[in-house]
Amino acid sequence: MPTPAISPREADVLALLGEHLSNAEIASRLFISVRTVESHTSSLLRKLALPDRRALCRQAVELARAERPRPAPALPAPLTSFVGRKRERAALATLLADHRQVTAVGPGGVGKTRLALAVAAGAAGGFADGVWFVDLAPVTGPDRVAAAVAAVLGVGEQPGRGLDEAVCAALAARRALLVLDNCEQVREGVAPFLERLLSACPEVRVLATSRARLLVPFERVFPVPPLSRDGGGGEGGDGDGGGASEAVALFVERATAAAGAAPDPALRDGIAAVCERLDGMALAIELAAARWPALGLDGLRAGLSDQLRILAGGPRADDRHRSVRAVLDWSHELLEPADRALLRRVSVFVLPFTAGAAVAVAGFAPLDADAVPDVLGRLAEQSLLSAVPSAHGTRYRAQETIRQYGAERLDGAGESAQTRGRHLDWCLSGVDALARTADEERQVRAGSWQARFDALAEELRTALAWATDRPERRPDARRLALGLAGPAFDRHLLGEAQQCLEQAAALADHSPADGAAALREAARVAGCRRLGDDMYRLHRAAAAASLDAGDPAGAARDLAAAATVAHRFSSTFARLPAAEEVTALLARAGELSDGSPAASAALALAEAAVLADAYGSVQGSPDNTARETVGYAERAVGLARRTGDPVAESAALDALSGAHSWAGEPFAAAGAARRRVELLALAPRTPATAHEQADALAMAAATAIGVGELDRARQWGRQLAEHPLTAELGHHAVSWLLVADAFAGREEGVLAGGARFLEAWEQGGRPRSFSLGPAAAAVAMVHGLRGDDGARASWLAVVGRAGTEEEHRHGYGAVFDATVLLHRGEAGAALERLSPAPEEVWKWVSWVWLHWYAAARVEAAVLSGHPEARERLAAARATVAGNPVATAQLDRAQALLDGDPARVRATAAAFAAAGCRYQSARSLRLADAAGGG
């Protein structure tokens, strides 16, 4: 690296940032934690003096360009050379330069993919943010298109957003080329995805291949013709004659590779006649050339002559794919019976497969399992399969046209059910092995299971789709859905995990109890996705399944959970259920409860949420009695503790933390929040614990800020920023860290984090949340302290869209605005901003802002000479007692009121000890102004 101050590990992280990988993807690639990636990223930002992650990624790209002539495109490396297509390459490249979305259209086997790859490689230098290739052939359904693109880009799913939104957000500011191959497989999914992508990402271009046009607004169609047979249209490959047609050049190239020597030049006319019979179709020519060593020209002409008779009587130009089928039929007939059996049976694989996998799935009579590896080699020699080297040994794959042909032959042989059943059994074994490996690797913090899952996932999805429609295999389909849900969640494919769990519930035909368990788990995944409506729906569905299973106590727990969700996570709902509906659920849960510890705990928590509004939900009443709310929450905690379930206890502690806040007891609120973090620290990662952990860290950071424990708040804020559920959701990830850093006076952290916050918030659709408004206001405050009124105004506009008017006017906004006004010496204006007494605006200040509000209000009263300043100071002492920052601020106000500059100066040390360097520096300035210099 050109900067010697950058360590080798930082250089590794920087290089992967240049590939636009997420923190989670970088951590997986380098086998380090997400926290370590974040630490290296922060260090790089500081060393390279860059403002944000986006600038760091651009810097990484520039450094990479300085070390090599052009970035290597993310394209598959062809196993054979590209021959001809000079005219088509130029025309398609021109079309791509002029239009944002181009579709190369043509029948199977015409050479669309190879042409697209060649054009993309040639255009790569014009796309600063890379070229990305996505093969859609293995994709099992239209709804998986965005997931396939996200996997290639290294984009993770983000709570509250679909993968298509995440992909659009990741590409929004990039100049990139996306190559989508085999779009005809899922055309109904590709079209809407491309419409959203191209509308949201103005610098992205798409080159697609398909057998039919995609019918999207930006599309320009390029029909891919067969290879020229006119004797002068192509560049030719290695060793072809200068005037050879493209078709002949391809034949000669492939025949030479197969035989080890080039055909006699005197045979060129005969070869041209064969290519003419094959309509210039690239795949047909390659398959014929692979037979050259065994058959020679006469054998090829004789064999093809019979097969190509089926072409008579039709317009060949309109149905050229028939020449490919003819050659496939001919090639198939030349195979030994064992070779035919294997070719059709391995068509069930949608991804490259190993010899061992082929033995397990295809190795049954009349094919000897021991012969499978040899047969694979023979099929590869005849170009019916490709041998692909990988990190785990050789894998084999069929070109998509050949795979589809094999699938037709499999149906024709009556072996489809047996072969696909064996494929399903192989997938089930793979899921079991993957689960064991994941458990083992969690113990040693390894990550290779993720690569194994990625190599298996599409096979699992294909097997699941097949088994679901077969009554005799539905139990296996359910087992596979459950087996796929776990690793999908661990791979942060949260939407797929939820879908699999709901599918598993639907497949639990004779076990409603199992269905209820799957729905319950799906609700927890929905919670991780910040989808309140789904959580509510799924808990209610689980209750219905529990009743079908004869488990009224289970139904009581689920109904109570649904009622709790409606209040606890009310801000994540698109449409909140009516209060009467939620109250009815609570009443029904009470009727069904059997008084067991679990049911009693769930019911008590729901009562705290619904009846006492312990969570301070958006639909809660402002007239609840705070002490009564604390009582409800304390009862819920006691009952939850009896269950021994850390998740249940954490949820109850969250209610207790909220109740203490409304009662004006911030230290008790912080203590309950801290207990949640400790309780969940050693819990195994499940959807329920992951959701609780993310929420607990946010609450712990927030309540620590409320009592002036800034170092603790920053510690938990960093953990929240690195948590898997928030690491890729930048605005939620850094929200409380921004507030803590702003109060602490860590200007550089606020500016860097603010850039990350703003980018993620805008890409996320500018949502509102109880934590987003304060974060934006904190950044606005820092800009105000720096004297940058333009930036402050911009961030205050963000506050208006990310938070709520009441919270900003009476709560955090008053604190942050007053801090800026006091900094500027406008004590009177600050006092006006804080004019209501804390008890008058308790709902807005009691949670986090009470101590900050009370202390700033006293300072403003002292500095503005308010006649009641001394009385306000005395009253505030009792309120903030124990808060080191607020206490120091009152001590400073007391010293100012008493006219004692030395005591003012002495408070600098107290602020510094509390981790509040801004206020420490302010004490020195105030002391100097008061004559203590």
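Basis for what follows: all heavy atoms, side chains included, without hydrogens, waters or symmetry-related copies. All residue numbers in this chain count up from 1 along the given sequence.
Side chain of Thr564 to main chain of Ala560: a donor-acceptor pair is present (N/O by atom type, distance under 3.5 Å, no hydrogens or angles). In terms of modelled atom types and a separation under 3.5 Å, the side chain of His539 and the main chain of Ala561 share no donor-acceptor contact. Put simply, the side chain of His660 never gets that close to the backbone of Pro666: no donor and acceptor are under 3.5 Å apart. Side chain of Ser864 to backbone of Gly828: no donor-acceptor contact under 3.5 angstrom is found. Arg530 places no side-chain N or O within donor-acceptor distance of the main-chain N or O of Ser571, the cut-off being under 3.5 Å.
Considering every non-hydrogen atom in both Thr907 and Ala888, the closest pair reads CG2-O, 4.0 Å. Across all non-hydrogen atoms, the minimal contact from Leu603 to Leu586 is CD1-CD1, 3.7 Å. Nearest approach of Leu710 to Cys916, heavy atoms of both residues: CD1-CB, 4.1 Å. Minimum heavy-atom separation, Leu559 to Ala589: CB-CB, 4.0 Å. Contact detail for Tyr918 and Gly745: the closest heavy-atom pair is CB-CA, 3.7 Å. Of all the heavy atoms in Trp761 and Ala802, the pair that sits closest is NE1-CB, 3.8 Å.
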Step by step, work out the side chain to side chain contact (heavy atoms under 4.5 Å, CB included) result for Phe757 and Val779.
-> CA-CA 10 Å; Phe757 174 97; Val779 181; 5.9 Å; no
Check against side chain to side chain donor-acceptor pair (under 3.5 Å), Thr804 and Glu807 = CA-CA 6 Å; Thr804 66; Glu807 286 178 304; 2.8 Å; yes
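At a threshold of 4.5 Å between non-hydrogen side-chain atoms, the residues Trp662 and Val630 do not count as touching. The shortest side-chain heavy-atom distance between Thr629 and Asp613 does not fall under the 4.5 Å cut-off. When side chains are defined from C-beta on, Arg674 counts as touching Trp716, because their heavy atoms get closer than 4.5 Å. With contacts defined as side-chain heavy-atom distances shorter than 4.5 Å, the pair Trp795/Leu758 qualifies. At least one side-chain heavy atom of Glu649 sits under 4.5 Å from a side-chain heavy atom of Leu653. Side-chain atoms of Met535 and Arg524, non-hydrogen and from C-beta on, never get closer than 4.5 Å to each other. Taking 4.5 Å as the limit, every side-chain heavy atom of Pro838 sits out of range of all side-chain heavy atoms of Thr879. Side-chain contact between Pro884 and Phe911: absent, with no pair of heavy atoms (C-beta onward) separated by less than 4.5 Å.
Between the side chains of Arg892 and Gln919, at least one donor N or O lies within less than 3.5 Å of an accepting N or O.
Remark: aromatic rings of Phe569 and His691 are close, center separation under 6.0 Å. Side-chain rings of His851 and Phe667 approach one another, their centers coming within less than 6.0 Å.
Between Asp533 and Arg575, no side-chain nitrogen of the basic residue sits less than 4.0 Å from a carboxylate oxygen of the acidic one, so the salt-bridge criterion is not met. Comment: Glu607 engages Arg635 in a salt bridge, judged by a side-chain N to carboxylate O separation of less than 4.0 angstrom. Ion pairing between Asp891 and Arg877 holds under the 4.0 Å rule for side-chain N and carboxylate O. A salt bridge links Glu581 to Arg540: at least one charged side-chain nitrogen sits closer than 4.0 Å to a carboxylate oxygen. Under 4.0 Å is where a charged nitrogen must lie from a carboxylate oxygen, and between Glu665 and Arg627 at least one such pair does. Between Arg792 and Asp817 there is a salt bridge, since a side-chain N of the basic residue sits under 4.0 Å from a carboxylate O of the acidic one. Taking 4.0 Å as the cut-off between side-chain N and carboxylate O, Arg922 and Glu859 count as a salt-bridged pair.
The aromatic rings of Tyr812 and Phe816 are tilted relative to each other, their planes meeting at an angle between 30° and 60°.
Expressed to the nearest 0.5 Å, how far OH of Tyr536 lies from OG1 of Thr572 amounts to 13.0 Å.
Within 6.0 Å of the CZ atom in Arg917, the count of heavy atoms belonging to other residues, nucleotides or ligands exceeds 12. Around CD of Glu832, the count of heavy atoms belonging to other residues, nucleotides or ligands within 6.0 Å does not exceed 12.
Of the listed residues (Leu751, Leu796, Val820, Val750), just one forms a side chain to side chain contact (heavy atoms under 4.5 Å, CB included) with His783, and that residue is Leu751.
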